Asker: 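Handing you this structure, nothing more for now.
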Amino acid sequence: MADYIPVLILMGLAFLFTILVTLVTFIFGPKKPTPEKLAPYECGIEEIEAPKQRFPVKYLVTGMLFIIFDVEAATIIPLAILMHSLKVLGLVELVIFAVILVVPFVYIWRKGAFMWE
Amino acid sequence: MSDVAIQLIGALIKCVVVIGALLTIFAYMTLIERRVLARFQRRVGPNRAGPFGLLQPLADGMKMAFKEQIIPSKARRFVFLIAPSISVFVALSAFAVVPLGDTTAWGNSVWAHALAPYIADINVGVLYILAISSLAVYGIVLGGWSSGNHYSLLGALRSAAQMVSYEVSIALSLAGVLMFSQTLSMVGIVHAQVNYGIWFILVQPLGFLLYGIAATAEVNRAPFDLPEAEQELVAGYLTEFSGLRWSLYQMAEYINMITVSSIAATLFFGGWTLGGLSGIPGLPIVWYVVKVAIFLFIFMWLRATLPRIRYDQLMRFGWQVLLPLSVLNLLATAVVIAFGWPWWISGVFGLAVLLVGGAVYYARMRRNHPLTQPTQDEIGLLLPQSVRLVHIEAQALATNGTNGAISANGSKGDKSGASAEAVEAGARP
């Protein structure tokens with residue numbers, strides 16, 4: 001646990017730094033708001049409609065794929081560390097794990113989850 | 001003083017130094033990048049403020065601090081205020097486990113250990129960096145979403161999808177190195193390379209290339225800087241930010257570049273070691289800095305050289321090329337480790353995959369864009385066959401005589417100017 005105290009100190013200082021910058025910029029910066037200045041930037045034309053709070057489902061699919069494969073990565077890293085002592089047993093585990101993931105990977109590939117139009 | 005107090009004071013000093021150094025390096029990276037890009041484009045770059053433009057970062061910072069903080073009326077105020085801070089907080093925190101030298105770099109006393117050139121040597125170092133740097137996406141997504149602007153929202157979504165897509169490849173390509181090092185501690189990985197007597201780039205050439213590509217995408221640098229694609233998205237998630245809070249995002253981007261370069265140097269290039277030349281105090285840090293500087297220069301080189309790729313290409317490349325290749329690399333490394341084969345088999349396998357992949361890529365590119373012999377045009381221009389459109393137009397102009405200047409140029413055989421025009425036009429369809 002003692003190893004992590006320096007990390008926490010760094011995080012604390014980084015946090016202080018971000019607060020400091022935000023304060024400095026509000027103290028020194030001028031404040032002359034006008035309605036035009038505060039309008040969303042649309043390259044000079046008036047905004048036709050506000051940005052939707054919804055977004056294309058493609059991003060959601062990507063997010064779900066990410067979760068699957070990131071969990072895979074998080075599981076594989078301990079296995080990778082122990083590969084020297086597990087030898088062939090570790091390899092068999094890794095291959096089984098990889099096959100379980102490759103089958104749905106091929107499936108979603110064929111379904112066109114990676115085709116962005 | 002007790003040992004604990006010395007450790008705490010040492011840690012505090014190191015944290016202040018690291019934050020100060022990172023901010024200074026960020027400031028001068030902007031200057032160096034502008035100068036380097038200018039040289040690539042045969043310009044001079046900023047050289048007015050101070051000798052060689054050395055005061056330019058200071059001038060930029062001062063100007064930024066005195067700019068108005070615009071909070072758009074459509075913005076969600078609180079999230080909009082804290083979003084850039086999240087980015088830079090995460091970027092600074094990720095640097096905690098990067099080692100600049102050995103534990104005994106300054107000797108063996110208590111103070112020397114307290115001031116060892118890394119902030120913390122935790123036993124999950126690589127996982128810590130992966131975990132913290134994946135939080136960076138929050139700063140960008142919240143910033144883009146809270147701006148209440150179409151461009152910001154789209155830039156943020158793109159950025160999120162891109163970062164999560166490439167993060168998987170990063171973790172999997174690093175796992176190959178971890179199999180050889182048998183530890184997650186950054187210091188331990190360097191020691192493992194010293195014990196093997198080699199850098200892990202020789203063991204994992206494929207893993208290094210995959211990591212390099214994925215890391216470039218992860219920090220949103222060219223050619224993967226889609227979130228900031230100014231031709232389509234103004235400035236992406238940065239559109240509504242101004243002043244120092246805009247430069248916080250820039251700061252986060254540059255610090256992330258330094259961090260991923262440090263990981264590459266530590267995991268693949270032996271960190272602070274360089275053969276037997278790491279015994280003298282202070283010298284290890286120089287080697288580390290040189291290695292990181294080379295990677296940072298490569299980032300600038302890529303930005304100056306490669307055009308930005310399209311978004312669908314980006315996503316397909318990440319999922320259909322990088323991910324399968326990193327799984328392949330992982331399995332091959334696991335086979336080498338499990339059967340106790342010598343390390344060079346893994347290296348040879350990586351090189352073989354790279355060669356085959358390069359050959360396949362070249363063949364596919366040649367199939368889509370066949371090599372053609374340049375042909376001599378009627379009006380004396382040397383044009384590749386693919387420039388059909390310009391060929392016809394030039395002929396029409398020459399016969400009609402509607403534009404005297406161009407036809408005169410053509411007939412006189414002003415090859416350099418006319419062919420440059422032709423190539424420009426030919427690149428467009």
Side-chain angles (χ1 to χ4, degrees), chain A residues 2-7 9-11 13-15 17-19 21-22 24-26 28-33 35 37-43 50-51 55-56 58-59 62-63 65-66 69-70 72-74 76-77 80-81 83-84 86-88 90-91 94-95 98 102 105 109 114-117, chain B residues 11-12 14-16 18-19 65-74 81 85 88-89 92-93 96 119-122 127 148-151 153 157 160-161 164-165 167-168 171-172 175 178-179 182-184 234 239-240 243-245 248 311-312 315-316 319-320 323 327 330-331 334-335 337-338:
Chain A
D3 285 347
Y4 290 87
I5 290 173
V7 180
I9 294 177
L10 181 71
M11 285 182 174
L13 286 177
F15 185 67
F17 169 74
T18 58
I19 289 182
V21 169
T22 313
V24 161
T25 194
F26 272 98
F28 287 127
K31 289 169 203 65
K32 300 189 197 83
K37 202 189 274 179
L38 297 185
Y41 184 79
E42 293 282 338
C43 304
F55 51 85
K58 279 280 175 194
Y59 292 106
T62 309
L65 287 178
F66 161 71
F69 283 95
D70 211 39
E72 177 201 8
I76 275 180
I77 283 176
I81 301 288
M83 192 57 81
H84 261 278
L86 291 176
K87 300 277 178 202
V88 180
L91 179 64
L94 186 63
V95 168
V102 163
F105 182 73
W109 185 330
F114 306 133
M115 302 297 291
W116 288 68
E117 299 302 333
Chain B
L12 197 62
K14 282 188 292 189
C15 290
V16 172
V18 161
I19 290 182
F66 289 100
K67 285 291 172 190
E68 179 173 356
Q69 290 302 305
I70 300 170
I71 301 178
S73 47
K74 292 273 180 64
L81 282 182
S85 305
V88 83
F89 170 75
L92 285 172
S93 306
I119 288 177
D121 175 27
I122 55 180
L127 266 186
N149 181 317
H150 293 280
Y151 300 118
L153 183 65
L157 284 175
V164 299
S165 297
E167 191 150 314
V168 181
L172 290 181
L178 300 178
M179 282 190 193
Q182 302 180 54
T183 174
L184 281 165
V234 187
T239 305
E240 296 288 3
L244 269 185
R245 289 172 51 257
L248 280 182
Y311 195 69
D312 59 324
M315 297 304 286
R316 288 177 60 182
W319 286 103
Q320 299 186 353
L323 188 62
V327 171
L330 185 78
L331 287 176
V335 169
I337 295 284

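Nothing here was measured: the structure is a model prediction, and the numbers come from that model. Letters go in sequence order (proteins before strands), and every chain restarts at 1.
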Asker: Quick one: what part of B/Leu184 sits under 4.5 Å from any heavy atom of chain A, side chain, backbone, both or neither?
Answerer: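 Both backbone and side chain.
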Asker: Restricting to non-hydrogen atoms, name the atom on B/Ala334 and the atom on A/Met83 that form the minimum distance, rounded to 0.1 Å.
Answerer: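 Heavy atoms only, the tightest pair is CB-CE, 3.8 Å.
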Asker: Which one, B/Leu81, B/Val88, B/Leu330, leads in non-hydrogen pairs under 4.5 Å with chain A?
Answerer: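 Option with the top pair count is B/Leu330.
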Asker: At what distance, to the nearest 0.5 angstrom, does CG of B/Leu178 lie from CD1 of A/Ile81?
Answerer: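 That separation rounds to 4.5 Å.
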Asker: Taking all heavy atoms of B/Cys15 and all of A/Pro6, pick out the closest pair and write down the distance.
Answerer: SG-O, 3.7 Å
Asker: Out of curiosity, B/Lys14 NZ to A/Leu13 CG, how far, rounded to the nearest 0.5 Å?
Answerer: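 One finds 13.0 Å between NZ of B/Lys14 and CG of A/Leu13.
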Asker: Relative to the ring of A/Phe15, is the ring of B/Phe89 parallel (under 30°), tilted (30 to 60°) or perpendicular (over 60°)?
Answerer: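 Rings of B/Phe89 and A/Phe15: perpendicular, over 60°.
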Asker: Of all the heavy-atom pairs spanning B/Ala120 and A/Val7, show the shortest one and how long it is.
Answerer: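 Looking at all heavy atoms of both residues, the closest pair is CB-CG2, 3.5 Å.
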Asker: Sort B/Leu248 into side chain, backbone, both or neither according to what part of it lies under 4.5 angstrom from a heavy atom of chain A.
Answerer: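 Only the side chain of B/Leu248 comes within 4.5 Å of chain A.
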Asker: Checking B/Thr239 against chain A: side chain, backbone, both or neither under 4.5 Å from a heavy atom?
Answerer: side chain
Asker: A/Phe69 and B/Trp319: aromatic ring centres closer than 6.0 Å?
Answerer: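 Yes - the distance between ring centres of A/Phe69 and B/Trp319 falls below the 6.0 Å cut-off.
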Asker: Relative to chain A, which of B/Ala65, B/Ala160, B/Ala11, B/Ala175 shows the most heavy atom pairs under 4.5 Å?
Answerer: B/Ala65
Asker: Can you list everything that forms a side chain to side chain donor-acceptor pair (under 3.5 Å) with B/Asp121? Sequence neighbours excluded, please.
Answerer: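 If we apply the side chain to side chain donor-acceptor pair (under 3.5 Å) test to B/Asp121, skipping adjacent residues, the hits are B/Ser185.
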Asker: Highest number of heavy-atom pairs under 4.5 Å with chain B: which of A/Val95, A/Val24, A/Ile76, A/Leu86?
Answerer: A/Ile76
Asker: Check whether B/Leu323 gets within reach of chain A through its side chain, its backbone, both or neither, counting any heavy atom under 4.5 Å.
Answerer: side chain
Asker: Under a 4.5 Å heavy-atom cutoff, which of A/Ile77, A/Asp70, A/Thr22, A/Ile19 has the most pairs with chain B?
Answerer: A/Ile77
Asker: Determine whether A/Thr62 and B/Val164 satisfy the following criterion, side chain to side chain contact (heavy atoms under 4.5 Å, CB included), listing intermediate values before the conclusion.
Answerer: CA-CA 8 Å; A/Thr62 309; B/Val164 299; 4.3 Å; yes
Asker: B/Glu68 and A/Thr25: side chain to side chain contact (heavy atoms under 4.5 Å, CB included), yes or no, with the steps?
Answerer: CA-CA 8 Å; B/Glu68 179 173 356; A/Thr25 194; over 6 Å; no
Asker: Side chain, backbone, both or neither: which part of B/Leu244 has a heavy atom under 4.5 Å from chain A?
Answerer: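 Contact with chain A involves both backbone and side-chain atoms of B/Leu244.
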Asker: To the nearest 0.5 Å, what is the distance between CZ on A/Phe17 and CD1 on B/Ile19?
Answerer: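 Going from the CZ atom of A/Phe17 to the CD1 atom of B/Ile19 covers 8.0 Å.
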Asker: Given that the side chain runs from C-beta out, which part of B/Gln182 has a heavy atom under 4.5 Å from chain A: side chain, backbone, both or neither?
Answerer: both
Asker: Could you walk me through whether A/Leu65 and B/Val168 pass side chain to side chain contact (heavy atoms under 4.5 Å, CB included), step by step?
Answerer: CA-CA 10 Å; A/Leu65 287 178; B/Val168 181; over 6 Å; no
Asker: A/Met11 and B/Ser93: which non-hydrogen atoms are nearest, and at how many Å?
Answerer: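 The pair with the smallest heavy-atom distance is CG-OG, 3.5 Å.
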Asker: Could you grab the distance from atom CG of A/Leu91 to atom CG of B/Leu331, nearest 0.5 Å is fine?
Answerer: 7.5 Å
